[in-house]
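To start, the structure itself, in structure tokens.
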Amino acid sequence: MTYSALLLGSVGVLAETADMRARAFNAAFAEAELGWTWDAETLGDPGGAPDDEERIASYAATAGQEIDAGAIADSVMTQLETLAAAEGLSLRDGVADVIAEARAQDLKLGLVSDAPPRLVKLVLSALGRDLDLSVFDYIGNGTKAARPKPAQDIYNDALRSMDVTADAALAIEDTPEHAEAAIAAGIRTLVYPRSGLDDDAFPDAATVLEELSPALLRARDD
């Protein structure tokens with residue numbers, strides 16, 4: 001059998017954003033005079049709070065500080081937009097070739113992200129000419145899923161919207177939590193780990209890759 005669709009599971013599959021996000025968080029923390037410093041490894045951890053506001057609120061509670069987590073999370077996004085506009089982002093190695101192969105095979109292509117719409121838009125805009133958004137048949141965000149990953153909701157929405165069955169799709173994810181969502185939806189799942197993650201952390205049902213190659217789409221074991 002061949003695949004009918006390639007599902008890129010998050011903006012983290014497309015681009016490495018952890019370092020830029022860490023700088024945005026730290027700029028927002030400095031602006032709020034909090035004295036906090038987070039690094040890319042902290043933000044690369046797939047566990048914890050499901051969104052930035054809750055992550056910030058949880059950290060403040062642990063530190064015994066009263067803050068306006070919503071305002072700080074909004075400041076983080078503003079800082080990130082400024083950095084992304086100034087520096088741009090690049091596709092991770094192999095992503096462009098895999099997308100080109102998917103198009104050559106007339107596969108449907110989805111970006112199955114459950115991130116906030118503002119973050120999805122930011123990353124896609126920062127990729128600029130590296131990524132033609134018209135290649136996507138589906139672009140997800142957190143408003144399209146009742147529950148965040150590792151729940152399978154966003155994958156269910158993508159499959160339904162693209163009129164593709166789970167057994168005809170291939171997912172590529174970047175974190176253990178995200179991989180669990182694709183597996184729960186019954187989709188064969190490959191993992192292209194974001195930097196800083198241990199291969200052993202991923203579900204056994206997922207195949208962890210060292211690199212992306214178009215050959216992944218040319219052969220399928222059933």
Side-chain angles (χ1 to χ4, degrees), residues 6-31 37-46 50-53 55-56 72-103 109-144 148-149 154 158 171-179 181-182 190-197 209-214 216:
L6 174 64
L7 306 179
L8 303 178
S10 70
V11 291
V13 172
L14 297 177
E16 288 282 6
T17 62
D19 177 71
M20 185 178 287
R21 277 173 54 77
R23 286 187 284 140
F25 270 88
N26 291 332
F29 296 157
E31 185 177 68
T37 301
W38 291 6
D39 58 20
E41 185 175 352
T42 299
L43 291 172
D45 181 358
D51 60 41
D52 291 345
E53 182 175 344
R55 184 189 293 266
I56 292 166
I72 295 171
D74 188 66
S75 176
V76 169
M77 284 302 306
T78 300
Q79 297 285 351
L80 188 57
E81 286 166 344
T82 300
L83 288 170
E87 301 175 13
L89 289 170
S90 299
L91 288 173
R92 296 176 66 189
D93 290 345
V95 172
D97 291 338
V98 167
I99 289 176
E101 179 65 22
R103 295 188 70 187
L109 191 65
L111 175 61
V112 193
S113 173
D114 66 345
R118 189 174 173 185
L119 179 58
V120 174
K121 180 179 180 181
L122 180 155
V123 172
L124 295 180
S125 296
L127 286 168
R129 295 182 179 179
D130 280 1
L131 184 64
D132 178 3
L133 298 188
S134 69
V135 302
F136 290 109
D137 298 281
Y138 175 90
I139 297 178
N141 62 59
T143 67
K144 298 185 178 184
K149 297 175 182 177
I154 191 67
I172 301 176
E173 275 290 10
D174 64 331
T175 74
E177 186 177 52
H178 292 170
L190 309 179
V191 175
Y192 188 32
R194 66 172 62 169
S195 60
L197 293 183
L209 307 172
E210 293 185 0
E211 60 182 16
L212 281 186
S213 166
L216 296 169

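Within the model, atoms OG of S113 and OH of Y138 stand 9.0 Å from one another, a figure rounded to the nearest 0.5 Å. Here the straight-line distance linking atom OG of S10 with atom CG of L111 works out to 7.5 Å at 0.5 Å rounding. The CG atom of D39 lies 10.0 Å from the CG atom of D19; values are rounded to the nearest 0.5 Å. To the nearest 0.5 Å, atoms CG (L83) and OG1 (T78) are separated by 11.0 Å.
Contact detail for A102 and L6: the closest heavy-atom pair is CB-CD2, 4.0 Å. Shown here for I72 and A28, the closest heavy-atom pair between the two residues is O-CB, 4.1 Å. For the residue pair W38 and R55, the shortest heavy atom distance occurs at CZ3-CD, 3.5 Å. Across L212 and V98, no two heavy atoms sit closer than the pair CB-CG2, 4.0 Å. For the pair K149 and H178, the tightest heavy-atom approach, listed with the atom from each and the gap, is CD-CD2, 3.4 Å.
Looking at heavy atoms from C-beta onward, L190 lies in side-chain contact with L216 at the 4.5 angstrom threshold. Counting heavy atoms from C-beta outward, F25 and M20 have side chains that stay 4.5 Å or more apart. A 4.5 Å side-chain heavy-atom check between D93 and E211 finds every atom pair outside the cut-off. Counting heavy atoms from C-beta outward, L209 and V191 have side chains that stay 4.5 Å or more apart.
The closest donor-acceptor contact from the side chain of R92 to the backbone of G12 lies under 3.5 Å. Not one N or O on the side chain of D97 forms a donor-acceptor pair closer than 3.5 Å with the backbone of P214. Side-chain atoms of N141 never come within 3.5 Å of backbone atoms of V120 as a donor-acceptor pair (strictly under, hydrogens ignored). The backbone N or O of A158 lies less than 3.5 Å from no partner atom in the side chain of K144, so there is not a single donor-acceptor pair.
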Would you tabulate the side-chain donor-acceptor contacts of residues 84-91 under 3.5 Å, counting partners in other chains and residues two or more places apart, or write 'none'?
| from | atom 1 | to | atom 2 | distance (Å) |
| --- | --- | --- | --- | --- |
| E87 | OE1 | R23 | NH2 | 2.9 |
| E87 | OE2 | R23 | NH1 | 2.9 |

Return a table of donor-acceptor pairs under 3.5 angstrom between the side chains of residues 123-136 and protein atoms on other chains or two or more places apart.
| from | atom 1 | to | atom 2 | distance (Å) |
| --- | --- | --- | --- | --- |
| S125 | OG | K121 | O | 2.9 |
| D132 | OD1 | S134 | N | 3.0 |
| D132 | OD1 | S134 | OG | 2.8 |
| D132 | OD2 | S134 | OG | 2.9 |

Can you list the steps and then say if T37 with N26 is a side-chain hydrogen bond (donor to acceptor under 3.5 Å, both in side chains)?
CA-CA 6 Å; T37 301; N26 291 332; 4.9 Å; no
Should V112 and I139 be marked as a side chain to side chain contact (heavy atoms under 4.5 Å, CB included) after you check the CA-CA gap, both sets of side-chain angles, and the distance that decides it?
CA-CA 6 Å; V112 193; I139 297 178; over 6 Å; no
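Note on D52 versus R21: salt bridge recorded, some NZ/NE/NH1/NH2 to OD/OE distance being below 4.0 Å.
Other residues, nucleotides and ligands contribute over 12 non-hydrogen atoms within 6.0 Å of the CZ atom of R118.
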